[in-house]
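Sequential numbering from 1 along the given sequence is applied to the chain's residues.
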Amino acid sequence: MYIRTRGIVLNHLKYGETSLIVRVFTEYSGLQSFIVKGFRSSKNKGKISLFQPLSLIEIDLPEHAKSDLLMFKDARALYHYSSISNTIEKHSIFVFLSEILNKILCFSQSETELFEFVYNSLISLDNMNAPCNNFHLIFLCDLTNYLGIRPIELQSLNNLHVILNYYGQHIPNFLPIKSHLVLREILH
């Protein structure tokens with residue numbers, strides 16, 4: 001029996017002559033690794049974009065699989081990014097998010113809220129018309145909520161402001177710290 005679920009491709013590795021091993025963060029079962037046999041053959045060359053990092057796909061996966069390396073029945077693209085490759089800012093943020101998510105997502109059980117957050121954030125980045133300079137910082141701050149490690153609260157930020165003012169008054173040549181202003185902007 002197969003279950004249809006959404007997924008976010010984290011990365012892929014070449015395996016053998018024509019196969020791929022693909023890591024996908026799925027809505028149904030968390031992080032899963034799949035082997036895609038014969039995918040790099042001459043008849044499937046154009047479909048490699050389906051497994052590029054942060055591709056949003058829908059797959060049919062086995063319901064009760066016991067292996068660490070699964071095979072899925074079918075995969076389809078759910079969303080095609082329209083502006084990521086056209087804007088250097090968005091593309092840079094996209095690559096950064098890809099690397100971060102590839103390193104931190106390690107849940108092998110369903111994390112529906114985390115999946116929804118990442119999925120919707122990627123679509124939001126693609127659809128943004130306004131400048132997206134701090135998108136990655138806001139994303140990382142919000143991501144810490146889902147990981148249970150949110151490091152800073154607004155009160156702590158206000159205390160930091162008081163401390164920085166004190167240092168500015170008592171230490172010669174103390175330069176203002178701009179990251180404090182960026183944090184204030186993000187957290188408000």
Applying side-chain hydrogen bond (donor to acceptor under 3.5 Å, both in side chains), can you list everything that pairs with D74, at least two apart in sequence or on another chain?
R76

Step by step, would you call E111 with E27 a side-chain contact (heavy atoms from CB on, under 4.5 Å)?
CA-CA 7 Å; E111 285 286 331; E27 181 177 26; over 6 Å; no

I'd like to know if the side chain of H12 and the backbone of F51 have a donor-acceptor N/O pair within less than 3.5 Å.
yes

Taking only residues two or more places apart in sequence, or in another chain, which ones meet R23 in a salt bridge (charged side-chain N to carboxylate O under 4.0 Å, His left out)?
none

At their closest point, which heavy atom of S55 faces which heavy atom of S49, and how far apart are they?
OG-O, 3.2 Å

Are any non-hydrogen side-chain atoms of F34 and L61 less than 4.5 angstrom apart?
yes

pair F72-V36: side-chain heavy atoms closer than 4.5 Å
yes

Establish whether I138 and V95 are linked, either directly or via other cluster members, by ILVMFWY side-chain heavy-atom contacts under 4.5 Å.
no

Test the R6-Y119 pair against the cation-pi criterion, namely NZ or CZ under 6.0 angstrom from the six-membered ring centroid and within 45° of the ring axis.
yes

When rounded to the nearest 0.5 Å, the distance separating CG of L54 from CG of L122 is 5.5 Å

Applying side chain to side chain contact (heavy atoms under 4.5 Å, CB included), can you list everything that pairs with L69, at least two apart in sequence or on another chain?
I21, S33, I35, S67

Listed by chain and number, what are the ring-ring contact (aromatic ring centres under 6.0 Å, His included) partners of F96, not counting sequence neighbours?
H136

With no hydrogens and no angle check, is any side-chain donor or acceptor of N127 less than 3.5 Å from a backbone partner on I123?
yes

CD1 of I84 to CD1 of I93, rounded to nearest 0.5 Å, is 8.5 Å

The test is side-chain contact (heavy atoms from CB on, under 4.5 Å); show your working for L20 and Y15 and say whether it passes.
CA-CA 5 Å; L20 291 175; Y15 180 74; over 6 Å; no

Minimum heavy-atom separation for I57 to L78, with atom names?
O-CD1, 3.5 Å

Partners passing ring-ring contact (aromatic ring centres under 6.0 Å, His included) against Y81 (at least two apart in sequence or in another chain):
Y79, F94

Atom CD1 of I59 and atom OH of Y2: how far apart are they, to the nearest 0.5 Å?
11.5 Å

Donor-acceptor pair, T144 side chain versus C141 backbone, under 3.5 Å?
yes

T26 and S29: side chain donor to acceptor below 3.5 Å:
yes

Rounded to the nearest 0.5 Å, how far does OG of S121 lie from CG of D142?
7.0 Å

For L10 and L31, what are the C-alpha separation, side-chain angles and deciding distance, and is it a side-chain contact (heavy atoms from CB on, under 4.5 Å)?
CA-CA 9 Å; L10 296 181; L31 186 63; 3.4 Å; yes

Looking only at non-hydrogen atoms, find the nearest pair between S83 and D126 and report the distance.
OG-O, 2.5 Å

How long is the span from the OG atom in S92 to the CZ atom in F135, to the nearest 0.5 Å?
13.5 Å

What about M71 and Y28, same hydrophobic cluster or not, with Ile/Leu/Val/Met/Phe/Trp/Tyr joined at side-chain heavy-atom distances under 4.5 Å?
no

When rounded to the nearest 0.5 Å, the distance separating CG of N134 from SG of C132 is 9.5 Å

Would you say the side chain of I8 lies within less than 4.5 Å of the side chain of V24, judging by non-hydrogen atoms?
no

Applying side-chain contact (heavy atoms from CB on, under 4.5 Å), run through F25 and L114 and close with a yes or a no.
CA-CA 10 Å; F25 184 55; L114 175 60; 3.9 Å; yes

Within residues 78-105 or reaching into it, pairs that qualify as salt bridge (Lys or Arg N to Asp or Glu O under 4.0 Å) - sequence neighbours excluded:
none

